[in-house]
Amino acid sequence: MASQLRALFQQQLHMVLATHDGTAPYTSLMAFAAAPDLGRLFFFTSRATHKYSNMAAHNQVSALIDNRTNRSADFQSALAVTALGQAKELQGKERNDMLSLFLQRHPELESFCLAPSSALMAIMVHRYILVNRFDEVHLLDIETIA
């Protein structure tokens with residue numbers, strides 16, 4: 001399953017991030033990058049957004065990454081992965097190290113990423129939920145990934 005995750009994360013450039021404000025969920029389409037060990041997903045956001053405020057107040061988040069093609073065949077062939085974890089803003093050396101990883105995948109976002117108002121966020125993943133063939137569900141706790 002870890003190899004399926006790595007392949008999916010290499011193919012896909014975007015994820016749907018779900019945050020909440022304590023009363024309602026909020027979703028956003030985000031560019032992302034994954035750590036090689038799959039333990040963290042990275043994305044940038046402006047600090048002046050609902051999602052940033054939501055994560056500051058409630059750091060529990062989820063992200064959905066999938067390979068659907070918007071065809072009926074997706075029910076049998078698409079793979080969808082939900083990542084569950086805590087969001088945290090990266091600072092200092094850790095931010096600089098992950099900035100280059102992110103920009104390798106999204107060089108067109110460099111000016112946004114380097115803006116002082118932009119925050120590099122990490123989802124510290126504790127579990128992945130993989131769904132394929134419409135109803136095959138597999139749980140993958142981060143400690144079990146080698």
Side-chain angles (χ1 to χ4, degrees), residues 1-21 24-47 49-91 93-115 118-146:
M1 286 186 281
S3 61
Q4 280 184 299
L5 282 176
R6 285 187 178 92
L8 180 67
F9 294 170
Q10 284 296 316
Q11 290 173 341
Q12 301 301 316
L13 296 174
H14 301 98
M15 67 179 188
V16 176
L17 173 70
T19 63
H20 62 93
D21 66 5
Y26 183 80
T27 56
S28 306
L29 186 60
M30 309 295 298
F32 83 100
D37 67 0
L38 304 176
R40 295 172 295 166
L41 300 176
F42 305 101
F43 61 95
F44 273 88
T45 185
S46 170
R47 290 184 186 88
T49 61
H50 287 293
K51 70 182 114 6
Y52 185 84
S53 298
N54 289 352
M55 289 182 289
H58 305 277
N59 73 345
Q60 295 288 328
V61 299
S62 64
L64 176 72
I65 301 137
D66 71 338
N67 64 354
R68 67 194 138 139
T69 61
N70 207 27
R71 296 191 175 121
S72 59
D74 287 344
F75 289 112
Q76 292 302 314
S77 60
L79 173 65
V81 175
T82 300
L84 304 174
Q86 292 79 40
K88 132 183 176 175
E89 183 174 356
L90 301 182
Q91 306 282 344
K93 181 180 177 349
E94 186 177 29
R95 181 190 191 284
N96 293 336
D97 292 346
M98 295 306 109
L99 171 65
S100 48
L101 174 79
F102 186 86
L103 288 177
Q104 286 175 13
R105 287 186 48 89
H106 304 282
E108 70 284 359
L109 296 177
E110 183 174 11
S111 62
F112 175 72
C113 295
L114 297 177
S118 293
L120 175 53
M121 305 298 295
I123 300 174
M124 315 305 279
V125 178
H126 64 83
R127 174 176 283 170
Y128 287 105
I129 304 167
L130 290 79
V131 180
N132 58 6
R133 291 184 185 71
F134 186 65
D135 63 354
E136 289 182 16
V137 179
H138 304 278
L139 302 179
L140 186 59
D141 290 324
I142 201 65
E143 306 87 42
T144 64
I145 298 175

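Sequence positions, counted from 1, serve as the residue numbers for this chain. The figures here come from the full heavy-atom set of this structure, side chains too, leaving out hydrogens, waters and symmetry mates.
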Audit row: L17, V61, side chain to side chain contact (heavy atoms under 4.5 Å, CB included) steps and yes/no: CA-CA 7 Å; L17 173 70; V61 299; 4.2 Å; yes
Heavy-atom closest contact (F102 atom, A31 atom, distance):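 Nearest heavy atoms, F102 then A31: CE1-O, 3.7 Å.
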Closest contact, heavy atoms only, D37 versus G39: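 Taking D37 first and G39 second, the nearest heavy atoms are OD1-N, 2.9 Å.
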[X] side, atom [atom1]; [Y] side, atom [atom2] - distance, nearest 0.5 Å:
{"X": "K88", "Y": "M55", "atom1": "NZ", "atom2": "CE", "value": "14.0 Å"}
{"X": "L64", "Y": "T82", "atom1": "CG", "atom2": "OG1", "value": "5.0 Å"}
{"X": "I65", "Y": "L41", "atom1": "CD1", "atom2": "CG", "value": "5.0 Å"}
{"X": "L79", "Y": "Q12", "atom1": "CG", "atom2": "CD", "value": "9.5 Å"}
{"X": "K93", "Y": "M98", "atom1": "NZ", "atom2": "CE", "value": "8.0 Å"}
{"X": "L8", "Y": "D66", "atom1": "CG", "atom2": "CG", "value": "7.5 Å"}

Derivation of the side chain to side chain contact (heavy atoms under 4.5 Å, CB included) call for C113 and L103: CA-CA 8 Å; C113 295; L103 288 177; 3.9 Å; yes
Sidechain-backbone polar pair: S46 side chain, T49 backbone, donor-acceptor under 3.5 Å: no
With R105 via side-chain contact (heavy atoms from CB on, under 4.5 Å) - residues at least two apart: Q10, L13, F32, A33
Pairing residues for E110 by the salt bridge (Lys or Arg N to Asp or Glu O under 4.0 Å) criterion, not counting sequence neighbours: none
Residues which pass salt bridge (Lys or Arg N to Asp or Glu O under 4.0 Å) with E136, listed by chain and number, not counting sequence neighbours: R133
Residue H50 excluded, over 12 heavy atoms near NE2 under 6.0 Å: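 Check fails, neighbour count at 12 or below.
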Note, T45 side chain near M30 side chain (heavy atom, < 4.5 Å): yes
Ion pair E89/R95, N-O distance below 4.0 Å: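 No, no charged N to carboxylate O under 4.0 Å.
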ring-ring contact (aromatic ring centres under 6.0 Å, His included) partners for H14, two or more places apart: none
Residues that F112 engages under ring-ring contact (aromatic ring centres under 6.0 Å, His included), provided they are two or more places apart: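 With sequence neighbours excluded, F112 shows a ring-ring contact (aromatic ring centres under 6.0 Å, His included) to no residue whatsoever.
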Intermediate values then yes/no, side chain to side chain contact (heavy atoms under 4.5 Å, CB included), L101 and F42: CA-CA 9 Å; L101 174 79; F42 305 101; 3.7 Å; yes
Sequence neighbours left out, cut at 3.5 Å: what donor-acceptor pairs do the side chains of residues 121-128 make with other protein atoms?
{"residue": "R127", "atom": "NE", "partner": "D141", "partner atom": "OD1", "Å": "2.7"}
{"residue": "R127", "atom": "NH2", "partner": "D141", "partner atom": "OD1", "Å": "3.1"}
{"residue": "R127", "atom": "NH2", "partner": "D141", "partner atom": "OD2", "Å": "3.4"}
{"residue": "Y128", "atom": "OH", "partner": "L38", "partner atom": "O", "Å": "2.6"}

Candidate pair Y26 and H20, rule side chain to side chain contact (heavy atoms under 4.5 Å, CB included), full reasoning: CA-CA 6 Å; Y26 183 80; H20 62 93; over 6 Å; no
